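Everything below concerns the one structure shown next.
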Amino acid sequence: MISYLLKRLIWLPIVLWAVSSLTFLALRIVPGNPIQTVQNQVMDKSQLAQVEAVWGLNRPVSEQYLNFLSKLVRGDLGLAMSSGVPIRRMIFERMPPTIELAIVSLIISTGIGVLSGVASVAIRNRAIDYSVRTASILGLSLPLFWVGIMLIIVFSVNLRWTPTSGRIGAGVDYDVITNFMFYDLIATGNWAAFSSFLRHLVLPSVTIGLTSAGFVARLTRSAMLEVMNSDYIRTARAKGLYERSVIWKHAMRNAMLPIITLQGLQFGAILGGAVITERVFSYPGMGTWLLDGILERDYSVVQGGIIFVALAYVLMNMLVDILYHVIDPRLRNPSN
Amino acid sequence: MRADRTIGSRLGAYWRQYDIALVGGAVFAFILLVTILASAFAPYDPMARNIKNRFATPSTDYRFGTDQLGRDVLSRVIHGGRPILAASFTAVLSALAVGTIIGVAGGYIGGWPDTALMRLMDVMLSFPSILLAILIVATLGVGLLNVTVAIGFAMVPVFARLVRSIVITLVYEEYVLAARSLGASDLHIIRKHILPNMMPPIIVQASAMLAVAIGVASALNFIGLGVEPGTPDWGMMVAEGQRLIFDAPHVPLFPGLAITITVLSVNYLGDGLRDHLDPRLRRQGI
């Protein structure tokens, strides 16, 4: 188990190097750099050359690359070209909101998906099974951004239950410690701010959660169907166990493997979906930041943002692998 | 089939097994027809403005109402599938072609070229497709053609992996070994024995990917990386309609419904195709 984890950890820097190098090269393959695209309206040639020299953009790409790598190894991601703000500070500002959004969305999608998937198999009722199947294929088909806007129309515009955008109310006072509001606001006991925060978080996370629950429900259903036909389930029933314990203790344990794999993959999709959802709700996370950086061709923002998304994604996959070993004893023995 | 079932439940079972896929196929065919012949179906010019009649709610004259410039929403929805469907079909077919070449090459040649190709595909697959597509559009520039390239590129590894997994089982089939021992060339074996046997799973995968492509294309147009503002396009119409949620919520409503119905019909069609073409999954009905 530990040697396996170490093997995975060795891969981590290699993957990060590959992702950052690909991003670096992709941004420089296409002609035009951020200085030219933003500033060529107001600068003459010599001024342009000066600014390019400041950012090192006049150097050969190979030299820029080595410089970028040597800084990256020291954890220095540079400054945003458009604003001059250190990337590290931007990540501190923008990463926590997206992680909170992603985790709450993942919980909603897993909760709805697993429960409805199990219900469609365990409760022997055609109507329930059919409704779950229809709802999950509908969930797969709904465009995320449109669901977000429809929820805003119903809950923010008509019912006035939730705000239309942002992360927390404009006039709300709060202290930033880690910038994870779940921690900061609870640690400081700032319940007024916490309730404003939750009301801002509910629609974006429900939007992502609902549209990704369909995948989970479909997979849970098929995994459960496969497991329910196996011999040990018949044995468990023959022993006279309660159906509830047959399903949750015997069947779920084996059906969990594909579900956890899917959730690991879903986390990446949710990070991607966050770009769209954050735009709908003007939510100040990595998604809107990365998208703005892309549109401004801000090399440092795109590089820094993508490296951190890749890091989050790789760590999530490692967590999935660890969970595998916890759930499936067969994997603990390396001879299998 | 048990004898105690009523005729109704038997009909219901039959319906669920086959006809929902047929309905999906028929709805999608209808959407394609309307999209291709958009000018014949649309009651008005999708770009014609009529400021006096802006924010009209749905009525018999304007079935889906009008937007902030008084343009007919129904006519814009009828025209609005063109950019997304053109981009999605092109992207999926290109990814299918490139992925098949990579998959056949890897699976047939084997050895280190196979390993290298598949590791590359893994790296691409490990990246969320929508983020990969956004990054590609960022480097290539904003525009529908670049959206198409980006989606196609992001889908190549899906097809490459699938094709390779089929090819490595087929190369050891007796009829392939027999053809080889008779002196058939590699190209002949690939064309006559390997490609035809891969078709069912590839068709199933392509239909699933088409549904994903339509979703991603509309999302990219929504965030402004695809078509120009003002273009009749489902994604762009929802984006521009978001500013009207207080005045005219029907403007973002209908293009979003069009995306949902289109993707839903492709998903049902894909499920039906899978049930028919892939007998291993037939009984599960997932």
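Sequence lines set the chain letters: A, B, ... in the order given, protein chains first and strands last, and positions in each chain run from 1. For clarity, every value in this text was computed on a predicted model and none was experimentally measured.
- Looking at B/Ile261, neither its backbone nor its side chain comes within 4.5 Å of chain A, counting heavy atoms on both sides.
- Under 3.5 Å, the side chains of A/Ser20 and A/Gln303 contain no donor-acceptor pair of N or O atoms.
- Residue B/Ala211: no heavy atom, backbone or side chain, is found under 4.5 Å from chain A.
- A distance of 3.5 Å separates OG1 of B/Thr262 from CH2 of B/Trp234, quoted to the nearest 0.5 Å.
- With chain B as the partner, the residue from A/Gly148, A/Gly287, A/Ser141 showing the most heavy-atom pairs under 4.5 Å is A/Ser141.
- Here the closest non-hydrogen pair linking B/Gly235 and B/Ile84 is N-CD1, 3.8 Å.
- With a threshold of 4.5 angstrom between heavy atoms, A/Thr134 approaches chain B through its backbone and through its side chain.
- Ranked by heavy-atom pairs under 4.5 Å with chain B, the first of A/Leu291, A/Ile152, A/Thr164, A/Val147 is A/Leu291.
- Residues B/Gln242 and A/Phe145 form no side-chain contact, since every pair of their non-hydrogen atoms from C-beta on lies 4.5 Å or further apart.
- With a 4.5 Å cut-off on non-hydrogen atoms, B/Ile214 does not touch chain A at all.
- Taking chain B as the reference chain and counting heavy-atom pairs below 4.5 Å, the highest number among A/Val280, A/Asn158, A/Val302, A/Leu144 is found for A/Val280.
- Rounded to the nearest 0.5 Å, atoms CE (B/Met121) and CG (B/Leu117) are 6.0 Å apart.
- Looking at B/Val142, only its side chain comes within 4.5 Å of chain A, counting heavy atoms on both sides.
- With a 4.5 angstrom heavy-atom cutoff, A/Leu138 touches chain B via backbone and side-chain atoms both.
- When all heavy atoms of A/Ser165 and A/Ser282 are compared, the closest pair comes out as CB-CB, 3.8 Å.
- Ring planes of B/Phe89 and B/Phe28: parallel class, angle under 30° (limits at 30 and 60°).
- Most heavy-atom pairs under 4.5 Å with chain A: of the set B/Val212, B/Val266, B/Ile259, this distinction falls to B/Ile259.
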